[in-house]
Structures are given as C-alpha cells and as structure tokens.
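As a basis for the values below, the full set of heavy atoms in this structure was taken, side chains included, without hydrogen atoms, waters or symmetry mates. Residues take their numbers from the sequence shown, with the count starting at 1.
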Amino acid sequence: MQQLAIRKLSRNDYPHWDSYVDNHPEGSFFHLSGWLDVIDSVFGHKHHYMLAESDDRLVGVLPLFEQKSWLFGHTLVSTPFCVYGGALADSSHIRKKLEAAAFELGCELNVDYVELRDKHDVESDAPWVKHCHHSQFSLALPEKSDDIIGVIKKKRRNVIRHSLRNNLSWDTSDNFKSCYDVYAESVRDLGTPVFTQKLFTKLKETFPDRCETMLVHDEDQQPISTMLSFYYKDHAMPYYGGGKYESKALNGSDYMIFQLMHVAHQRGVTLFDYGRSKNDSGAYQYKKHWGMKAHPLNYKVALVKAKSLPNLSPNNPKYKYFIKAWKRLPLPVSRLIGPMLSKYLG
C-alpha cells in the first residue's frame, strides 16, 4: 500500500507546487506559491503551506497562513486576502488528510479557528462546518468582441452606452501609483482601512504577466476609476478596484468593467470572474444587473479555541460606528494607519 506523507513546503518545492496547481482542474490563481512571498513580505504573516506526497510524487497541496492580532484574533486561513483557497488533491481521501492536518496544526498553534476557502462544495469530515455568506460572480465571454455588449442585461447596457458618451479614456500602462491613489480614496470613502501600497507593487513583481492595472480618466485626463486585475488559465479576475466621487456621475466604473471585458477578450480569456460579494448586498445586486451568474461559495471553518463562528463582516453592528468615523478621516491619515489594521482583515 502506498504511504502518504504530509510535510511543509520548502522553496525548492515551488516549481512542483505550481505545476500541480496549473494542472489541477480546481487549481486557482490564489493557490500559486507566489502568494506565499506576497503575504509574507507585505503583511508579515507566517506561512504553513502543506503538501502531500505518495512514493515521492506530489498528490496534494494546501496553502495556509497564520494571522495573529489582539484585536481580530488568532486564525489559520487558506488563504487570507484571497477569494479561493482550500486543499487540492488527487482524491477526496488525500484532501481530507490535508484538512485533518490543517486542523491538527490549528490545535497545536492554539488558534481561534481554521478557515478553508473552498470554491466548490466538497464533503468534509467533522469538525468542519460550512460558513460562508458570499457568492462568486462570473460571465462567459462570447467568441466575438462585438457581441460582449449583447450578453449584458439591457438596463446595464444603457448605462454603458451613456458612459461611452462621457469622453472617458482608459489605459493599462500599469501606473501603480495612480492606481493605488484612486483605490485608497475609494476604500476610505467606504469606511474600510486600506492596504499598503506595497501590496500592489509586490503583486506585479511576483506575477508580472498575470497582473495588470487599468486606469479610467475623465475628459481632463484626471484618473477617476481603477482596477488591478489578475489573469490565470482562461479567467480574468478584476480584484482591487475603486472610483473617486466624480466617477459616479460619469458611470466610470461601468465604463471600466466594459473595457476590461474587451481587454480580457483580446487576451483570449473566456471567463470573466468578478470575484465575490456578500449575499444580497449592494455589490451582489450590482453584479447581477450585469447578467452575471451567482455561484455560492463554500468556505468552511473548524473551531479550536473559539466557541462560536466568527463574524468579521462590515455589516456586523459592532463595526457600525468605526466605519462611520473612518469615512471622515483625512485621506493621508487613512493611508497612514489603514495598513496597520487591514493586514489582519484578510
């Protein structure tokens, strides 16, 4: 009988790990080993990436990071700052072994809980329980770029046509400073602590061909909307985006998403993956109005020290006054202290 061994990832394993992710049908951009370097160097969290081997052959992987904060608790997550995670394996038996090893590690580290961000619904043994209130949205792109407008719902098409008359322009020259400036202002206006600018530059450094920014400018060539997107396999993934106050009246965000669909089409992408949104939220309804399909995500949690499932949602009433106060912060102040908090909000 073949022996299964589970051990921690070493740097020499990176090429084999990534090859496994590339070839696994459920392998996502967020399973790639590059995220280990990104999260380690930008946020300083400790990794516990696990791989499973049988007869010296790689048969499973599980990315894991430990986050420890007096304010937000002590957790083990696959994978923070990413919408997808969890174990990839040759079989459900191996996947369950990796999941069991993750829980055992969580017990050793005495964390509050362990979270695995599975995209699809897979059977898991106790003590794992499903805990997710988000859905993922995607839109299949047509063969011809001229047909993209036709797969979008009528009401949103009208908004897009309006945006095309507003003398907007766009570029993908990877101006990360301007991209971050717009993004930082946007999330401050939402009452959310912003990530450090180093995250954007490190992502581009780590994934040079899979990471690209788009900036939308008004008729005076001032940036009003931005998006940092990922490209992997046949997926385009708009990920970190936002818009200034001026963007709303010009429908800058709608213009940007429409142009991103065309850029993705030119790259040969067939699926536009617009990430996750909390069920029944404003963002959830917005994406539905594009004609995108909602797919419930299947995150799961195993409690260790915690007595109840976590609720770190911005809709949690206990964060109400914090969000209200954060929106009033001067932008330089929010950019200064935001990264100290957001590093634990992965």
### Audit row: T75, V114, side chain to side chain contact (heavy atoms under 4.5 Å, CB included) steps and yes/no
CA-CA 6 Å; T75 60; V114 185; over 6 Å; no
### Query
Checking side-chain hydrogen bond (donor to acceptor under 3.5 Å, both in side chains) for the pair S173/D171: CA distance, chi angles, key distance, verdict?
CA-CA 6 Å; S173 57; D171 73 75; 2.7 Å; yes
### Task
Evaluate side-chain hydrogen bond (donor to acceptor under 3.5 Å, both in side chains) for T270 paired with D234, printing each intermediate quantity in order.
CA-CA 6 Å; T270 60; D234 61 345; 3.1 Å; yes
### Message
Walk me through whether Y286 and D254 qualify under side-chain hydrogen bond (donor to acceptor under 3.5 Å, both in side chains).
### Response
CA-CA 10 Å; Y286 173 78; D254 298 279; 3.0 Å; yes
### Task
Take L139 and K293 through the test side chain to side chain contact (heavy atoms under 4.5 Å, CB included) and record every step on the way to the result.
CA-CA 7 Å; L139 183 71; K293 293 182 178 180; over 6 Å; no
### Message
Quick one, Q221 with S169, criterion side chain to side chain contact (heavy atoms under 4.5 Å, CB included). Give me CA distance, side-chain angles, the key distance, then yes/no.
### Response
CA-CA 8 Å; Q221 291 304 297; S169 59; 3.3 Å; yes
### Query
Please walk me through it: do E26 and H120 pass side-chain hydrogen bond (donor to acceptor under 3.5 Å, both in side chains)?
CA-CA 9 Å; E26 302 300 331; H120 301 292; 3.0 Å; yes
### Query
Given the rule in the ring-ring contact (aromatic ring centres under 6.0 Å, His included) test, do F258 and H262 qualify, once you have shown the distances and angles that lead to the verdict?
CA-CA 7 Å; F258 184 61; H262 282 81; 4.6 Å; yes
### Query
Can you check side chain to side chain contact (heavy atoms under 4.5 Å, CB included) on Y240 and M227, steps first, answer last?
CA-CA 6 Å; Y240 293 118; M227 184 69 75; 5.7 Å; no
### Message
I'd like to know whether Y284 forms a ring-ring contact (aromatic ring centres under 6.0 Å, His included) with F137, so could you lay out the CA-CA distance, the side-chain angles of the two residues, the decisive distance to 0.1 Å, and finally the verdict.
### Response
CA-CA 8 Å; Y284 180 99; F137 287 82; 5.0 Å; yes
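For the atom pair S334 OG and K327 NZ, the distance stands at 13.5 Å (nearest 0.5 Å). The distance from atom CG of N166 to atom OG of S247, rounded to the nearest 0.5 Å, is 10.0 Å. Taking CZ of R95 as the start and NE2 of H93 as the end, the distance is 11.5 Å to the nearest 0.5 Å. Atom CG of L331 sits about 5.5 Å away from atom CD of E185, to the nearest 0.5 Å. With rounding to the nearest 0.5 angstrom, the OG atom of S229 is 8.0 Å from the CE atom of M256. Between the CD1 atom in I257 and the CZ atom in F272 there is a gap of 4.5 Å [rounded to 0.5 Å].
Annotation for G106 and V304: closest pair O-CG1, 3.9 Å, computed over non-hydrogen atoms. Here the closest heavy-atom approach between residue F230 and residue F29 is recorded as CG-CE2, 3.3 Å. The two atoms that bring L190 and I323 nearest to each other are O-CG2, 3.7 Å, heavy atoms only. When all heavy atoms are compared, the tightest approach of Y49 to L32 is OH-O, 4.5 Å. The two residues T79 and P63 have their closest heavy-atom pair at OG1-CG, 3.5 Å. Shortest non-hydrogen contact noted between P223 and V182 is CB-CG2, 3.9 Å.
Using a 3.5 Å distance cut-off with no hydrogens or angles, the side chains of S28 and H31 do pair a donor with an acceptor. Side chain to side chain, S186 and D189 fail the donor-acceptor criterion of an N or O pair below 3.5 Å. Counted by atom type alone, S135 and N279 present one or more donor-acceptor pairs between their side chains at under 3.5 Å. Under the 3.5 Å distance criterion, with hydrogens and angles disregarded, a donor-acceptor pair is assigned to the side chains of E66 and H48. Side-chain atoms of Y299 and R276 form a donor-acceptor pair, as typed in the model, at a separation below 3.5 Å. In this structure, a donor-acceptor pair under 3.5 Å is absent between the side chains of S225 and K244.
Between the K8 side chain and the H47 main chain, a donor and an acceptor come within less than 3.5 Å of each other. A donor-acceptor pair under 3.5 Å links the side-chain atoms of S91 to the main chain of I94, judged by distance alone. For the pair K233 (side chain) and G27 (backbone), a donor-acceptor distance under 3.5 Å is present. Although no hydrogens or angles enter the test, the distance criterion places a donor-acceptor pair under 3.5 Å between the side chain of T201 and the main chain of K198. Although no hydrogens or angles enter the test, the distance criterion places no donor-acceptor pair under 3.5 Å between the side chain of D40 and the main chain of G44. In terms of modelled atom types and a separation under 3.5 Å, the side chain of S178 and the main chain of N175 share no donor-acceptor contact. Remark: the backbone N or O of S19 is paired with a side-chain donor or acceptor of N23 at under 3.5 angstrom. A distance-only check finds no donor-acceptor pair linking the side chain of R188 to the backbone of P193 [under 3.5 Å]. The backbone N or O of F195 sits less than 3.5 Å from a side-chain atom of Y180, completing a donor-acceptor pair.
Side-chain contact between W128 and L303 is absent, with no heavy-atom pair separated by less than 4.5 Å. Here the side chains of I149 and I160 are in contact, with some heavy-atom distance below 4.5 Å. Using a 4.5 Å heavy-atom threshold, the side chains of R117 and L297 count as separate. Here the side chains of S138 and H295 are in contact, with some heavy-atom distance below 4.5 Å.
Tested against F81 for a ring-ring contact (aromatic ring centres under 6.0 Å, His included), the candidates F65, Y239, F43 yield a single pass: F43. Among D273, N298, V83, the single residue meeting the side-chain contact (heavy atoms from CB on, under 4.5 Å) criterion with Q136 is D273.
Annotation: side chain to side chain donor-acceptor pair (under 3.5 Å) contacts of S33 (sequence neighbours excluded): D18.
Within a 6.0 Å sphere centred on CD of E123, heavy atoms belonging to other residues, nucleotides or ligands number 12 at most. Atom CG of D220 sits in a crowded spot, with more than 12 heavy atoms from other residues, nucleotides or ligands closer than 6.0 Å. Atom NZ of K68 has 12 or fewer neighbouring heavy atoms from other residues, nucleotides or ligands inside a 6.0 Å radius. Around atom NZ of K204, more than 12 heavy atoms belonging to other residues, nucleotides or ligands sit under 6.0 Å away.
The pair E115-K300 does not meet the salt-bridge criterion, since no charged nitrogen lies less than 4.0 angstrom from a carboxylate oxygen. A salt bridge links R57 to D90: at least one charged side-chain nitrogen sits closer than 4.0 Å to a carboxylate oxygen. Between K202 and D37 there is no salt bridge, since none of the side-chain N atoms of the basic residue sits less than 4.0 Å from a carboxylate O of the acidic one. A salt bridge links R335 to D181: at least one charged side-chain nitrogen sits closer than 4.0 Å to a carboxylate oxygen. Salt-bridge annotation for K97 and E104: absent, with no side-chain N of the basic residue lying under 4.0 Å from a carboxylate O of the acidic one.
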